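Read through the structure below, which is laid out as structure tokens, and then see the notes.
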Amino acid sequence: MSMHGGSGAMADAGRLGMRSMRRDRRILEHRIKKGTLPRILEFAKRYRPVLLVFLAAVVLDAIVSSISPLVLRAIIDKGIIGHRQGLIIELAFLTAGLAIVDAVLSLFERRISAVIGEGLIYDLRAKVFSHIQEMPIAFFSRTQTGALISRLNNDVIGAQQAFTDLFSNVVGNVILVTIILAIMFFFSWQITLVALILLPVFLIPARRVGRRLGTLFRRGMELNAEMNMVMTERFNVSGAMLVKLFGRPADELHYFESRAGQVRDIGVRQATYQRFFLIALSLTASLATAFAYGFGGVAALHGTLAVGTVVALTAYLTRLYGPLTQLSNLNIDYMSAMVSFERLFEVLDLEPMIKQSPDARLIPDGPAELRFDHVDFSYPGAEEVSLASLEAVARLDDTPRTDVLHDISFCVAPGTMTALVGHSGAGKTTISMLVSRLYDVDQGSVSINGVDVRDATTASLNAMVGVVTQDPHLFHETLRANLMFAKPDATPAEVEGALRAAQIWDLVESLPLGLETVVGERGYRLSGGEKQRVALARLLLKAPRLVVLDEATAHLDAESEAAVQRALEETLSTRTSLVIAHRLSTIRNADQILVVENGSIVQRGTHAELLTAGGVYHDLYETQFATQER
């Protein structure tokens, strides 16, 4: 809160006050949930000693800042007018010393403020990130990614300001304004009253400007979000490919320019209103200063006020309006901080539907046996897994839950393969997701080696089960980093062995950078077959006992499919596997085929047995699989 530069200090204070005013004043209509403030204070416990040091520095800085005009008064009245050269030099050194102390205190404040603020940002982000990671997959299937990122960025920073800007401004400004007004009243109550009377002349139009700024600021945020959304969707690989394939770059440019143009126009209006605010603040202070010089100058001529006192009064006036403006908007700052914390607590209070049982136990090691026992399942409703604010809707979808799976029972013996076949939407993928406990069953149980997955430790379940989907995700990292994600402590020999087993080692060796090759966003620098084989290598590096494959070869060309199929044979030869079948070769190799129709298992047996029995499987074979033999 450095105050040794009058005009600079006023400009800084004006910008802070303007920031408060431009916030959407409708925030004052929001009702803060009961218990929010105690939770904030509880969260701030670890920062209490540093906060006390910080606030002490703010108080000391406010006191030091208020002394400088008194020294200036003494220089004029006792030094210059009194023709005391020694005193002038001493007071000049004192002024320099105060400026140095003020600068040191300001630097110290900024350092401590950064330690508290950045530490709080780190703690809040880590806590929210960790909590979001625990949420079930149903949460992510409903939530807007941008809304989550906003909580980790905008709301966390808004909450942090409660600990630094808000506290320092309140304490520092209250002390500074109190000292300044007390000194000014002591010197001249008339000039002080006029200064206070002029304050509403500034605040009334400034508040109206603030309301308009709040509207513009909110709209500007919305327009920026829309522009960012356009860029995000068009700059990822899928979006860029779609634009090129349909030949629409000119249309997309026009669409983007319309959004960017609105951002430009609202930015111009914001800048105009902001400048009006600063000019109004400066003009009000200048009017008060003009009155102080006029009234004080006449008083000095008549001997009722000393010249140094007049100069000191005008110096105090330049430091008065900024802090008063900030304090007049204290309720907005407070509510903004409370709302930010409330939005963070809203996420933290959303309990994960799926979490480890307090008395969870390890799944016994060894060949895996998978058993479904009379399983019923329906996807959870929005109110169970999500928040309306994270879905960007006014209210959550209240569609009642409907069963997706009905009385599913089967067993996959150790070392065998079971294939799931059926029409699209029959429930095959849903069955596969229950194995790794991405969802929990409503009735019945899913168990591995005799342990219900709901009673198993998360670590043992993750170690036991490995999954490869038809569109596996690769991070925008190197091949090595994507593989080591499965086993961070894997040796180079283990990595090479997994790549060889996945039939992709030769390709990796042929790359100029080998394992250090960056695969691009979602692995788009690799072909579909290469990406599938990298995913299989990652699975092999993990070395699970139970493998779940969700149509891993569904969208591959013949050459890629052949390579992946060879890798699958290697992968599945010594493991228990549950495979959503898309290829006839997979079905023929299966020890058991389950035919899923409308969420129920309607047939089961080997390929030959089911062909002989006719029914749904025979129809599927004729429509989907028979052509693969030709």
Side-chain angles (χ1 to χ4, degrees), residues 367-377 403-436 441 443-448 465-470 532 546-556 558 561-562 564-630:
E369 179 188 72
L370 172 65
R371 185 177 295 274
F372 275 61
D373 188 15
H374 299 288
V375 167
D376 289 344
F377 173 77
D403 284 350
V404 177
L405 300 179
H406 318 277
D407 196 27
I408 300 292
S409 294
F410 64 89
C411 178
V412 183
T416 66
M417 177 198 295
T418 292
L420 299 175
V421 300
H423 296 291
S424 178
K428 306 185 297 297
T429 297
T430 302
I431 292 173
S432 72
M433 289 193 291
L434 296 178
V435 178
S436 50
V441 302
Q443 299 291 332
S445 66
V446 177
S447 59
I448 301 174
V465 181
V467 181
V468 176
T469 63
Q470 60 179 287
Q532 284 288 8
L546 174 59
V547 174
V548 178
L549 300 177
D550 185 356
E551 302 197 57
T553 62
H555 302 300
L556 304 183
E561 183 198 349
V564 172
Q565 199 65 48
R566 290 193 299 271
L568 282 175
E569 290 172 3
E570 177 74 23
T571 302
L572 305 181
S573 60
T574 58
R575 292 173 171 83
T576 305
S577 56
L578 181 67
V579 180
I580 296 178
H582 181 79
R583 299 295 183 185
L584 182 61
S585 54
T586 304
I587 298 170
R588 281 178 167 166
N589 292 334
D591 299 286
Q592 175 185 211
I593 299 172
L594 304 177
V595 182
V596 184
E597 187 79 6
N598 296 324
S600 299
I601 297 176
V602 294
Q603 286 182 294
R604 65 184 74 204
T606 65
H607 172 63
E609 290 170 347
L610 292 174
L611 269 185
T612 302
V616 176
Y617 182 79
H618 184 273
D619 295 339
L620 279 170
Y621 175 78
E622 290 295 330
T623 56
Q624 294 186 24
F625 303 122
T627 56
Q628 296 174 24
E629 290 184 308
R630 298 166 191 163

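Only a predicted model underlies this, so the values are computations on that prediction, with no experimental measurement involved.
The distance from the CG atom of Asp591 to the OG atom of Ser577 is 7.5 Å, given to the nearest 0.5 Å. Summarising the geometry, atom CG belonging to Asp373 is positioned 12.0 Å from atom CD1 belonging to Ile408; distances are rounded to the nearest 0.5 Å. Between atom CD1 of residue Ile431 and atom CG of residue Asp550 there is a gap of 11.0 Å, rounded to the nearest 0.5 Å. One finds the OG atom of Ser445 at 9.5 Å from the CZ atom of Phe372 (value rounded to the nearest 0.5 Å). To the nearest 0.5 Å, the span separating OG1 on Thr576 from CG on Leu370 amounts to 8.5 Å. Interatomic distance, CD1 of Ile593 versus OG1 of Thr418, reported as 9.5 Å (0.5 Å rounding).
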Check your understanding: Stepwise, does the side chain to side chain contact (heavy atoms under 4.5 Å, CB included) test hold for Leu434 with Leu405?
Key -> CA-CA 11 Å; Leu434 296 178; Leu405 300 179; 3.6 Å; yes
Check your understanding: Passes side chain to side chain contact (heavy atoms under 4.5 Å, CB included), Gln592 versus Thr416? Steps please.
Key -> CA-CA 8 Å; Gln592 175 185 211; Thr416 66; over 6 Å; no
Practice item. Check the pair Ser436, Val548 against side chain to side chain contact (heavy atoms under 4.5 Å, CB included), reporting the backbone distance first and the verdict last. Key: CA-CA 9 Å; Ser436 50; Val548 178; over 6 Å; no
Review point. Between Val421 and Leu594, is a side chain to side chain contact (heavy atoms under 4.5 Å, CB included) present by the stated rule, with each step listed?
Key: CA-CA 6 Å; Val421 300; Leu594 304 177; over 6 Å; no
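Between the side chain of Lys428 and the main chain of Val596, no donor-acceptor pair closer than 3.5 Å is present. Of the possible polar contacts, one joining the Ser409 side chain to the His374 backbone as a donor-acceptor pair under 3.5 Å is found. Using modelled atom types, one side-chain atom of Thr612 and one backbone atom of Ala608 make a donor-acceptor pair closer than 3.5 Å. Using modelled atom types, no side-chain atom of Glu609 and backbone atom of Arg604 make a donor-acceptor pair closer than 3.5 Å.
Here the closest heavy-atom approach between residue Gly614 and residue Gln603 is recorded as O-NE2, 2.8 Å. When all heavy atoms are compared, the tightest approach of Val446 to Val435 is CG1-CA, 4.3 Å. The shortest heavy-atom contact between Leu578 and Ser432 is CD2-CA, 4.5 Å.
Using cut-offs of 30° and 60° on the angle between ring planes, the pair Tyr617 and His607 is perpendicular.
Partner of Val595 under the side chain to side chain contact (heavy atoms under 4.5 Å, CB included) criterion, out of Leu610, Asp619, Ile601: Leu610 alone.
Looking only at side-chain heavy atoms (C-beta outward), His618 and Leu611 come within less than 4.5 Å of each other.
A 6.0 Å sphere centred on CD of Glu597 holds more than 12 heavy atoms belonging to other residues, nucleotides or ligands.
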